[in-house]
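So you know, we letter chains A, B, ... as the sequences are listed, proteins then strands, and number each from 1.
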Amino acid sequence: MPLKLYNTMNRKKEDFVPLNEGKVSFYACGPTVYDYFHIGNARPLIIFDSLRRYLEYKGLEVNYIVNITDVDDKIIKKANAEGVDFSAVTRKYTEAFYDGCAKLGVRPATHHPKATDFIGQMLALVKRLVDEGHAYEAEGDVYFDIGSFKGYGKLSGRDIEQMQAGARVDVDEKKRNPLDFALWKAAKPGEPSWESPWGKGRPGWHIECSAMGMHYAGDTLDIHAGGQDLIFPHHENEVAQSEAASGKPFARYWLHNGFLDIEGEKMSKSLGNFLMVKDIIEQYDPMAIRVFFLLKHYRSPIDFSEERIKEAKAALDRLRNAYAKITRVLKKSPANDSAEKETVEAVKNLKASMEEALDDDFNTARAIGNLFDIAKTVNSMDENSSDAAAVMAEAKIVFDTLGIGVFGITFEQEAGGDKIVDDLVQLFIELRADARKNKNWELSDTIRDRLKDIGVVLEDRPDGTTWKLG
RNA sequence: GGCGCCUUAGCCAAGUGGUAAGGCAGAGGUCUGCAAAACCUCCAUUCUCCGGUUCGAAUCCGGAAGGCGCCUCCA
């Protein structure tokens, strides 16, 4: 069953066929490191991280590239406001970016190129465009001449003529066409700058991705991804400058994730509703954020609210409880082949359904629905039946490979393997067991309640008490 | 003005022309010392509305209403 992906370039789902068999080059636009990243930024990070994992699950070797834009107007503005060097700003937020990714279970990409490390490649690309008549210099700036590229507008489905009619574009006397965009910007006093054939300056935003993408993957990427807002102008401009230079498609598949609203409103500075990931994960399980995004198709708009994240947490807990049962049963009795096959088959079929859903434009919402079906199968299974272990073993494969491996969700709720914590909780469980034996319900309930207050949840089962982190 | 998207239960959400997955919340029950977790049962004769095509439409076509995004170096 081939993977289908919705390609923004052609506005339809297409069979995914990488340029080189067995290998995928996958470029996702990364952060501009001028601030902490917010919940909206988390969506592409999580979705494309999961897609990358799914491609690997399917046996493809993925060269995953997520750039760090560390030279930009916003960074300079921030540095000036704080009276520090721009590199101090970028260092701080780059670190925060990696830290946030780790907490969200976003695996490091194969490459995280920083724009400032690729100035040479960018200059070479700009020079090539100038030499071939696709770009022109004006007072130290270099602009791409969109009139020189016949496909301009093809990604975003825009018509240049009509755009100009209703355009809200800065009129700039230096540009031949208002839609021409800067490849290179002349440095103003106090700005970070690099030497170039056109004097000191710094790269424009769009050229960064083209230069770094080409550096790591050649002229044509298999997948280029980002938020829907990047379609125009960012990705349109990347297409123009890259394809004008190389004469080849810059990316075979363009993927764009939908936007995130906060309680029905667009997240914006002016509304003061920016939610930073670092703040959210102080209050909520970071894995609930992953589940929150995975529960909806990546191209649809999504609405964030406290209620939504609590629902996602409840859903996550349900999966975790099922996983705990799987682990518990398999610890007691290893799987045997003599089991009745019907339920095992049912789990296998659900796994196949999940793969089918993910193959259909990475429909994680449908796939997770199937995972809940597996959880139901697991939970309704009598732990002591002779078939239990075989079903659990099959379910464990799905949870491990798709749940953990692809969705990147952690299901274990252990105290990080801290032996003292384990022993202390065990001690309380034993003390409580004594109290219960003596029908001292007051004491046993106090122990349970107090432990719950510090985040340890006890569950009494026929064969003893288990605990987990709440 | 241009380009595009969305509307499925109280809420979130999947849905591939063949008779509405799943989650959350809620009700009742089982289990439990009581809980928790889990299980069982119930919870959309119907998919914003109006037409059309079809044996058959949430799915296709046309129209209406409502909501949203991009066209501002915001993912």
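Nucleotide B:G69 has B:C3 as its partner under the Watson-Crick or G-U criteria, with both atom distances under 3.5 Å. B:A44 is unpaired under the criterion used here, namely a Watson-Crick or G-U wobble arrangement in which both key atom distances are under 3.5 Å. Applying the Watson-Crick and G-U wobble criteria (two distances, each under 3.5 Å), B:G51 pairs with B:C61. For B:U32, there is no paired base (Watson-Crick or G-U wobble, both distances below 3.5 Å). In a base pair of the Watson-Crick type (N1 to N3 plus N6-O4 or O6-N4) or a G-U wobble (N1-O2 and O6-N3), with each distance short of 3.5 Å, B:A20 is matched with no nucleotide.
A distance of about 36 Å separates the P atoms of B:A57 and B:G1, rounded to the whole Å. Rounded to whole Å, the C1' atom of B:G2 lies 27 Å from the corresponding atom of B:C60. Atom name C1', nucleotides B:U72 and B:U45: the rounded distance is 50 Å, in whole Å. With both ends at atom C1', the span from B:G63 to B:G69 equals 24 Å, rounded to whole Å. Across the P atoms, B:C5 and B:C61 are found 11 Å apart, a figure rounded to whole Å. Rounded to a whole angstrom, the distance from the P atom of B:C11 to that of B:G18 is 27 Å. For the C1' atoms, the distance linking B:C43 with B:G26 amounts to 8 Å, nearest Å. Between B:A25 and B:U54, the distance separating the two C1' atoms is 39 Å to the nearest Å.
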Could you run down the sub-3.5 Å N/O contacts of the protein with nucleotides 37-43 of chain B?
from: B:A37; atom 1: O4'; to: A:Glu459; atom 2: OE2; distance (Å): 3.4
from: B:A37; atom 1: O3'; to: A:Asn321; atom 2: ND2; distance (Å): 3.1
from: B:A38; atom 1: O3'; to: A:Asn379; atom 2: ND2; distance (Å): 3.4
from: B:A38; atom 1: O2'; to: A:Asn379; atom 2: O; distance (Å): 3.3
from: B:C39; atom 1: OP1; to: A:Arg318; atom 2: NH2; distance (Å): 3.3
from: B:C40; atom 1: OP2; to: A:Lys376; atom 2: NZ; distance (Å): 3.1

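Of the candidates A:Ile447, A:Leu458, A:Thr466, A:Leu451, A:Ile429 forms a side-chain contact (heavy atoms from CB on, under 4.5 Å) with just one, namely A:Leu458. Applying the side chain to side chain donor-acceptor pair (under 3.5 Å) test between A:Lys4 and each of A:Asp361, A:Asp360, A:Asp15 identifies A:Asp15 as the sole match.
Between A:Phe97 and A:His112, the ring-plane angle classifies as perpendicular under the 30° and 60° cut-offs. By the 30° and 60° cut-offs, the orientation of the rings of A:Tyr143 relative to A:Tyr136 is tilted. By the 30° and 60° cut-offs, the orientation of the rings of A:His256 relative to A:Trp254 is parallel.
Put simply, CG on A:Leu230 is 13 Å from C1' on B:U72, counting in whole angstrom units. The CD1-P distance, from A:Ile302 to B:C11, rounds to 17 Å in whole Å. Look at CG on A:Leu155: it is 13 Å from P on B:G4, rounded to the nearest Å. Distance, A:Asp261 CG to B:G69 P: 6 Å, rounded to whole Å. We find that NZ of A:Lys266 is positioned 17 Å from C1' of B:C6, with the value rounded to whole Å. What separates CZ of A:Arg299 from P of B:G69 is a distance of 19 Å, to the nearest Å. Taking atom CD of residue A:Glu311 and atom C1' of nucleotide B:G10, one finds them 11 Å apart after rounding to whole Å. As a whole-Å value, the separation of A:Ile309 CD1 from B:G23 P is 19 Å.
Side-chain N/O atoms of A:Asp70 and A:Thr116 include a donor and acceptor closer than 3.5 Å. A:Tyr34 and A:Lys77 share no side-chain donor-acceptor pair at under 3.5 Å.
Near-neighbour residues of RNA chain B inside residues 365-374 of chain A, defined by a heavy atom below 4.0 Å, number-ordered: A:Ala365, A:Arg366, A:Gly369, A:Phe372, A:Asp373.
Within 4.0 Å of A:Ser444, counting heavy atoms only, lies at least one base atom of the nucleic acid. Here A:Asn363 lies in heavy-atom contact (under 4.0 Å) with sugar-phosphate atoms only. Nucleic acid contact for A:Gly40: base, since at least one base atom lies under 4.0 Å from a heavy atom of the residue. At a threshold of 4.0 angstrom between heavy atoms, the contacts of A:His38 include nucleobase atoms, whether or not backbone atoms are also involved. Looking at heavy-atom distances under 4.0 Å, A:Arg308 makes contact with sugar-phosphate atoms alone, never a base.
Here A:Arg328 pairs with A:Glu383 in a salt bridge; the nearest charged N to carboxylate O distance falls below 4.0 Å.
The residue among A:Gly204 and A:Lys296 whose nearest nucleotide of RNA chain B lies closer to the 5′ end is A:Lys296. Between A:Arg432 and A:Leu295, it is A:Leu295 whose nearest contact on RNA chain B lies nearer the 5' terminus.
Residue-to-nucleotide contacts include no donor-acceptor pair under 3.5 Å from the side chain of A:Asp229 to the base of B:G69. For a distance-only test at 3.5 Å, the side chain of A:Asp460 qualifies as a donor-acceptor partner of the base of B:C34.
Stacking of A:Trp441 onto the six-membered ring of B:G33 is present: less than 5.5 angstrom between centres, less than 30° between planes.
Of all the heavy atoms in A:Ser193 and A:Ala187, the pair that sits closest is CB-CB, 3.5 Å.
A cation-pi contact, defined as under 6.0 Å to the ring centre and within 45° of the axis, is absent between A:Lys13 and A:Tyr6. Cation-pi contact between A:Arg318 and A:Phe372: absent, since separation from the ring centre below 6.0 Å together with deviation from the ring axis within 45° is not met.
A:Tyr253 contributes atom OH, which lies 10.5 Å from atom CG of A:Leu255 (distance to the nearest 0.5 angstrom).
Taking only side-chain nitrogens and oxygens, A:Lys313 never comes nearer than 4.0 Å to OP1 or OP2 of B:C24.
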